Amino acid sequence: MSEIFYKSDFPSAIGRLFYIWSEDGSINFLVNDGKNFESFLESLKRKFPRCAVVEMRSDKIENEVTRYLEKKSHGINIRPVFVNGNSLERKIWEAAMTVPYGKVASYKELAAMAGYPNAWRAAGTAVGHNPVMLIVPCHRIIKSDGSIGRFGGGEKVKEFLLNLEQKN
DNA sequence: TGCATGGCGCCGG
DNA sequence: ACCGGCGCCATGC
């Protein structure tokens, strides 16, 4: 990674989005929380001190996200590249990406899918560290009793996304 | 090394 | 439906 691109305040149906991406088109970070964005960007600069950090929007990312939020697609076709996260977290994120559009899984089920059948509590924590909302569809992970559970980007957003994927 | 921390699960009241 | 309480587990300090 010789250049790191970032974009703040991309307007969307779920609020201002912030994302970080690479020249190969992969995405490293996508949130609707500016504070998390700032701290992640700083940590990235420390981790890759030789990389140039450039403000630059991505047509592909913005188009994919917009189409998804307008219900014109059933998912976002962008490859995430995780620049942080421990082994458990990455396995949890990978497992979450296998939950199809319009479906849900519980945190307990997700832990089992990732190969940690008893670590559902830790799985919840790991999902909370998801760096790329929508791409890793952590909004599809809900509680075992069917209630919605928590969400880094706000529970209203989680509800919005689940509702979006539900209706037809 | 221990211990507090979490986007949880399950049972009772 | 909404709480407490207790159990659960990998991480990080």
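It should be emphasised that the depicted structure is a prediction, and the values quoted were computed from it without experimental measurement. We use all heavy atoms of the structure for the numbers below, so side chains are in, but hydrogens, waters and symmetry mates are not.
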Toss me the dot-bracket line for DNA chain C: Watson-Crick and G-U wobble, both under 3.5 Å, 5' to 3', using | for pairs to another strand and [ ] for crossers. .||||||.|||||
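- With C1' as the reference atom, C:dG7 and B:dG6 are 14 Å apart, rounded to whole Å.
- Listed by first then second residue, pairs satisfying ring-ring contact (aromatic ring centres under 6.0 Å, His included) with a partner in residues 114-139 of chain A number zero, not counting sequence neighbours.
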Each nucleotide of nucleotides 6-13 of chain B classed B (base within 4.0 Å of a protein heavy atom), S (only sugar-phosphate) or -, in 5' to 3' order, makes BBBSS---
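- Residue A:I142 shares its hydrophobic cluster (ILVMFWY side chains chained together at separations under 4.5 Å) with A:V104, A:I148, A:L162.
- Look at the C1' atom in both B:dT5 and C:dC8: the space between them is 13 Å, to the nearest Å.
- Taking the six-membered ring for Trp and thresholds of 30 and 60 degrees, A:Y19 and A:F10 have ring planes more than 60 degrees apart, a perpendicular arrangement.
- Minimum heavy-atom separation, A:F40 to A:N84: CE1-ND2, 3.4 Å.
- Pairing each heavy atom of A:L110 with each of A:A96, the nearest pair is CD1-N, 3.5 Å.
- Between chain A and DNA chain C, the heavy-atom contact criterion of under 4.0 Å yields a 5' to 3' nucleotide range of C:dG7 to C:dG12.
- The aromatic rings of A:F37 and A:Y6 lie tilted to each other, with the angle between the two planes from 30° to 60°.
- Looking at residues two or more places apart in sequence or on another chain, you find no side-chain hydrogen bond (donor to acceptor under 3.5 Å, both in side chains) involving A:N32.
- A salt bridge (charged side-chain N to carboxylate O under 4.0 Å, His left out) check over residues 98-119 of chain A, counting only residues at least two apart or in different chains, returns nothing.
- Scanning residues 87-105 of chain A for heavy-atom distances under 4.0 Å to DNA chain C yields A:L88.
- Remark: A:K47 engages no residue in a salt bridge (charged side-chain N to carboxylate O under 4.0 Å, His left out) (not counting sequence neighbours).
- The existence of a salt bridge linking A:E94 and A:R90 is excluded, since no basic side-chain nitrogen approaches an acidic carboxylate oxygen closer than 4.0 Å.
- For A:R46, the side-chain hydrogen bond (donor to acceptor under 3.5 Å, both in side chains) criterion is met by no residue, not counting sequence neighbours.
- Within the structure, salt bridge (charged side-chain N to carboxylate O under 4.0 Å, His left out) pairs that include any residue of residues 135-161 of chain A comprise A:R140-A:E165 (at least two apart or interchain).
- Residues passing the salt bridge (charged side-chain N to carboxylate O under 4.0 Å, His left out) test with A:E42 are A:K45, sequence neighbours excluded.
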